[in-house]
Amino acid sequence: MNKLVSQREDFSAWYNNIVLRAGLADYAPVKGCMVIRPYGYGIWENIQSILDKMIKSVGVQNAYFPLFIPESFIHKEKEHLAGFSPELAVVTYGGGKELEEKLVVRPTSETIINAMFSKWIQSFRDLPLLINQWANIVRWEMRTRLFLRTTEFLWQEGHTAHSTHDEASEMTLTMLSIYRDFMQNSLSIPVICGKKTSSQRFAGALETYTLEAMMGDCKALQMGTSHDLGQNFSRAFDITYQTKENKLEYVWQTSWGVSTRLIGAVVMVHGDDDGLVLPPVIAPIQVVIIPIWRGDEKGKIMEAVISLKKRLRDTTGASGLPLRVYVDTREEFTPGFKFNDWEMKGVPLRIEIGPRDIENSTVTIARRDERTRTTVKNSQALDSVVKTLDEIQGNLYLRAKRFMEGNTYTVNDWNQFKQKTGFVLSHWCGSTECEANIQSETNMTIRCIPMDGEEENGSCILCGKPSNRRVVFAKAY
RNA sequence: CGGGGGGUAGCGCAGUUGGCAGCGCGCUUGGUUCGGGACCAAGAGGUCGCCGGUUCAAAUCCGGCUCCCCCGACCA
């Protein structure tokens with residue numbers, strides 16, 4: 001096995017290398033498509049199970065809607081159509097015959113879900129209607145990148161309908177904060193929440209909220225979005241309800257989603273030159289045990305290994321779930337090879353049990369995040385593992401936060417602005433024209449208008465017109 | 001769509017003035033090893049991306065096609 005290309009040398013080659021070598025994914029025979037391999041899919045399953053509970057905790061129910069959408073549905077909301085038509089895949093043949101109406105492979109499901117909502121919603125008693133689906137979607141992208149942008153990807157999309165705009169807005173923000181909680185606590189990735197500018201809003205939304213994170217190369221990645229759709233879709237799909245006063249009103253709606261892109265983010269935020277580094281909460285394997293023996297010691301050592309494995313599996317981690325433990329019994333590899341192999345795969349903790357450990361009733365525990373190794377008494381192994389996993393989870397977050405903050409700059413001068421790499425906090429007058437000019441000159445886009453930013457009088461970094469708030473600029477994926 | 005790189009064993013690559021298809025890793029079998037990427041021995045594995053041309057002879061020269069990757073414009 002060769003070393004990885006280093007992050008500093010070529011970040012994008014490093015990223016591809018890790019995704020392939022850690023066994024997260026592989027290129028599929030179809031251009032722009034990928035296969036998510038079991039190890040990568042295991043991460044997604046962990047993401048799903050945590051997020052699914054969080055989504056349900058606010059009363060949202062899961063359902064499943066069709067992959068195919070009648071083409072006419074996409075045409076009903078004109079902003080939506082304009083936004084998505086360049087990237088639609090369209091089915092024109094079925095069963096050997098040309099279809100009477102073409103079917104669009106869903107790029108997102110607003111239209112087909114709302115067609116159903118209009119059927120299901122009649123009275124204020126039917127509201128709020130809170131639906132989520134886990135699905136695959138297809139967007140015909142010009143350029144693709146494993147996990148970050150592929151033609152087909154997996155995601156979760158929530159769609160809700162409410163009787164008032166206030167309630168819908170609140171839902172939008174509730175989901176935003178659920179996402180933030182999940183990203184920070186489960187993925188150990190700090191995010192900046194804010195509104196998108198009008199030019200970057202979801203096609204058909206009144207307001208788009210986003211969560212932006214900084215990757216290891218200081219570029220920004222949009223981690224998820226939550227949209228306040230207002231009544232744009234309910235008018236297009238005629239979703240009305242009768243109020244208590246017997247009046248007919250259009251519903252107010254939201255939609256929100258995160259995708260398998262999050263896996264790419266985990267790679268780019270936590271990974272290093274030795275491979276992947278996974279936050280314990282989402283790691284498919286949290287602890288790998290590597291037995292080490294010479295000659296005839298195998299029996300004794302395996303006995304200790306199996307017993308430790310059992311004890312660990314009976315232990316619950318911070319998540320309240322049993323620890324995910326794997327014993328690497330492969331005999332064709334030396335321990336040294338296995339150390340490197342599991343480091344590539346980002347397993348948070350490695351436990352070595354060899355003759356020395358047996359002799360002293362100890363186990364050796366190595367942390368993936370800080371590359372440190374300690375020896376603890378076998379009797380304390382459980383406590384130590386649980387505690388250390390928890391520490392790793394927190395440490396990864398703090399490390400990422402420090403990195404983000406260290407590469408965030410408050411800039412008031414255009415010349416300085418042009419030289420910065422990272423997140424740049426500057427004033428912006430609010431015009432789409434300035435936004436576009438800044439992008440064409442610097443390649444930086446407005447990632448968001450941060451929500452927790454304070455009001456502050458200043459002048460637009462480009463045109464000098466007054467502004468009362470700083471926005472986040474960055475180069476983005 | 002523009003620019004760049006590439007397609008030769010599972011992976012990474014070499015292949016000179018055209019002349020038997022190679023190397024490293026991996027894989028298989030047997031043995032010795034095992035606390036940071038072990039070693040020895042014996043093996044298996046190829047339509048050199050595709051089509052055509054030049055030639056006694058093409059991975060190599062010429063023409064055409066195709067697919068993939070990377071960088072930019074579009075986007076979760």
Side-chain angles (χ1 to χ4, degrees), chain A residues 1-5 10-17 20-21 26-33 82-88 107-108 136-157 179 196 199-203 208 210-213 220-227 255-265 274-275 290-298 301 328-344 350-360 362-364 366 371 373 375 436 439-440 443 445 475-477:
Chain A
M1 281 276 210
N2 299 317
K3 282 243 152 78
L4 286 168
V5 180
D10 185 344
F11 194 84
S12 126
W14 166 86
Y15 174 81
N16 286 325
N17 248 299
L20 264 15
R21 295 261 301 269
D26 203 351
Y27 292 103
V30 182
K31 184 185 168 76
C33 292
F84 280 105
S85 52
E87 44 190 355
L88 295 181
T108 178
N136 59 334
I137 60 178
V138 168
R139 295 179 187 179
W140 216 262
E141 300 290 351
M142 296 181 193
R143 214 184 126 212
T144 58
R145 210 148 163 6
L146 293 168
F147 285 114
L148 304 178
R149 177 165 300 104
T150 46
T151 297
E152 179 189 9
F153 60 95
L154 305 183
W155 78 346
Q156 147 281 309
E157 52 178 323
Y179 285 155
K196 282 294 188 189
S199 68
Q200 296 196 31
R201 233 174 252 152
F202 174 74
T208 288
T210 178
L211 302 100
E212 301 282 327
L221 184 75
Q222 179 173 307
M223 303 280 286
T225 48
S226 183
H227 314 291
S255 71
W256 27 272
V258 299
S259 71
T260 37
R261 168 181 271 191
L262 293 178
I263 297 172
D274 294 314
I290 299 182
I292 299 162
W293 65 73
R294 290 184 304 243
D296 57 0
E297 296 157 338
K298 182 178 173 183
I301 282 164
D328 187 350
T329 54
R330 293 176 296 178
E331 298 203 13
E332 64 273 31
F333 296 114
T334 60
F337 178 91
K338 293 178 183 178
F339 296 168
N340 287 287
D341 194 34
W342 291 108
E343 276 161 15
M344 172 67 66
R350 177 180 77 235
I351 299 182
E352 304 161 21
I353 298 183
R356 280 208 301 273
D357 295 297
I358 298 293
E359 200 174 313
N360 305 321
T362 58
V363 298
T364 302
R371 311 296 311 258
R373 181 145 49 173
T375 300
Q439 176 171 8
S440 64
N443 240 331
T445 51
K475 288 182 183 142
Y477 273 97

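Below, read A as the first sequence line, B as the second, and so on, with proteins coming before strands; counting in each chain starts at 1.
- Residues A/E87 and A/G32 each lie close to RNA chain B; by heavy-atom proximity, the contact nearer the 5' end of the strand is made by A/G32.
- For the C1' atoms, the distance linking B/C50 with B/C68 amounts to 14 Å, nearest Å.
- Nucleotide B/U29 forms a Watson-Crick or G-U wobble pair with B/A41, both donor-acceptor distances falling under 3.5 Å.
- The residue A/R330 sits apart from the nucleic acid: no heavy atom pair falls under 4.0 Å.
- A/K338 pairs by the side-chain contact (heavy atoms from CB on, under 4.5 Å) definition with A/I290, A/D328, A/R330, A/F333, A/W342, not counting sequence neighbours.
- Backbone-only engagement by A/N443 is indicated by non-hydrogen atom pairs under 4.0 Å involving sugar-phosphate atoms exclusively.
- By the 30° and 60° cut-offs, the orientation of the rings of A/H227 relative to A/F202 is parallel.
- Heavy atoms of A/I290 sit nowhere under 4.0 angstrom from any nucleic acid atom.
- A straight line from CG of A/D26 to P of B/C68 spans 14 Å, rounded to a whole angstrom.
- Under the side chain to side chain donor-acceptor pair (under 3.5 Å) criterion, A/N136 pairs with A/R106, A/E152, not counting sequence neighbours.
- Rounded to an integer number of Å, the gap from A/L88 CG to B/C74 C1' is 13 Å.
- The side chain of A/M142 has B/A73 as its nearest neighbour among B/G35, B/A73, B/G36.
- Protein atom CZ of A/F339 is 7 Å distant from nucleotide atom P of B/G35, rounded to whole Å.
- Between the P atoms of B/C11 and B/C69, the separation comes to 15 Å (whole Å).
- At B/C70, one or more side-chain N or O atoms of A/N16 fall inside 4.0 Å of OP1 or OP2 (strictly under the cut-off).
- Atom C1' of nucleotide B/G12 and atom CG of A/L20 are separated by 13 Å, given to the nearest angstrom.
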Please list each protein N or O that sits under 3.5 Å from an N or O in nucleotides 38-41 of chain B, with the distance.
| from | atom 1 | to | atom 2 | distance (Å) |
| --- | --- | --- | --- | --- |
| B/A38 | OP1 | A/T334 | OG1 | 3.4 |
| B/A38 | OP2 | A/T334 | OG1 | 2.4 |

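- A/S85 comes within 4.0 angstrom of no nucleic acid atom, judged by non-hydrogen atoms across all strands.
- Using a 4.0 Å heavy-atom criterion, one finds that A/Y27 contacts the sugar-phosphate atoms exclusively.
- Nucleotide B/C1 forms a pair with B/G72, judged by Watson-Crick or G-U wobble geometry with both contacts under 3.5 Å.
- When the P atom is used for both B/G5 and B/A14, the distance is 14 Å, rounded to whole Å.
- In this entry B/A21 has no Watson-Crick or G-U wobble partner, no candidate having both defining distances under 3.5 Å.
- Distance check on atom P: B/U60 versus B/G26 gives 31 Å, rounded to whole Å.
- Residue-to-nucleotide proximity on RNA chain B shows that, of A/E141 and A/I353, the 5′-proximal contact is made by A/I353.
- Counting non-hydrogen atoms under 4.0 angstrom, A/T364 reaches a base of the nucleic acid.
- One can place CD of A/Q200 at 13 Å from P of B/A73, the figure rounded to the nearest angstrom.
- Here A/E343 lies in heavy-atom contact (under 4.0 Å) with a base.
- A 3.5 Å limit on both hydrogen-bonding distances identifies no Watson-Crick or G-U partner for B/G46.
- Nucleic acid contact for A/R294: sugar-phosphate only, since backbone atoms but no base atoms lie under 4.0 Å from a heavy atom of the residue.
- A distance of about 8 Å separates the C1' atoms of B/U8 and B/G46, rounded to the whole Å.
- The nearest whole Å value for the distance from the CD atom in A/Q439 to the C1' atom in B/A73 is 10 Å.
- With B/C34, B/C74, B/G36 as the choices, the nucleotide that has an atom nearest any side-chain atom of A/N340 turns out to be B/G36.
- Evaluation of the side-chain contact (heavy atoms from CB on, under 4.5 Å) rule for A/N340 yields A/E343 as partners, not counting sequence neighbours.
- Between the C1' atom of B/C1 and the CH2 atom of A/W140 lies a distance of 17 Å, rounded to the nearest Å.
- Comparing B/G36, B/C70, B/G35 by their nearest atom to the side chain of A/E352 picks out B/G35.
- B/U28 and B/U17 have their C1' atoms separated by 40 Å, with the value rounded to a whole Å.
- Sparse packing is recorded around CH2 of A/W140, with 12 or fewer heavy atoms of other residues, nucleotides or ligands lying under 6.0 Å away.
- In this structure, A/R139 contributes its side chain and A/P107 its backbone to a donor-acceptor pair below 3.5 Å.
- Partners of A/W14 under the side chain to side chain donor-acceptor pair (under 3.5 Å) rule, at least two apart in sequence or in another chain, do not exist in this structure.
- Contacts of A/T260 classified as side chain to side chain donor-acceptor pair (under 3.5 Å), with partners at least two apart in sequence or in another chain: none.
- A/G32 and A/T144 make their closest contact through CA-OG1, 3.4 Å (heavy atoms, listed as atom of the first residue, atom of the second, distance).
- With both ends at atom P, the span from B/U47 to B/U66 equals 24 Å, rounded to whole Å.
- Of the C1' atoms belonging to B/C20 and B/G63, the separation is 29 Å, rounded to the nearest Å.
- No hydrogens or angles were tested; on distance alone, a donor-acceptor pair under 3.5 Å links the side chain of A/R350 to the base of B/G36.
- Taking atom CG of A/N17 as the reference point, atom P of B/C70 lies 12 Å away to the nearest angstrom.
- Residue A/D341 places no side-chain atom within donor-acceptor reach of the base of B/G37, judged by atom type and a 3.5 Å distance cut-off alone.
- With contacts defined as side-chain heavy-atom distances shorter than 4.5 Å, the pair A/I358/A/E297 does not qualify.
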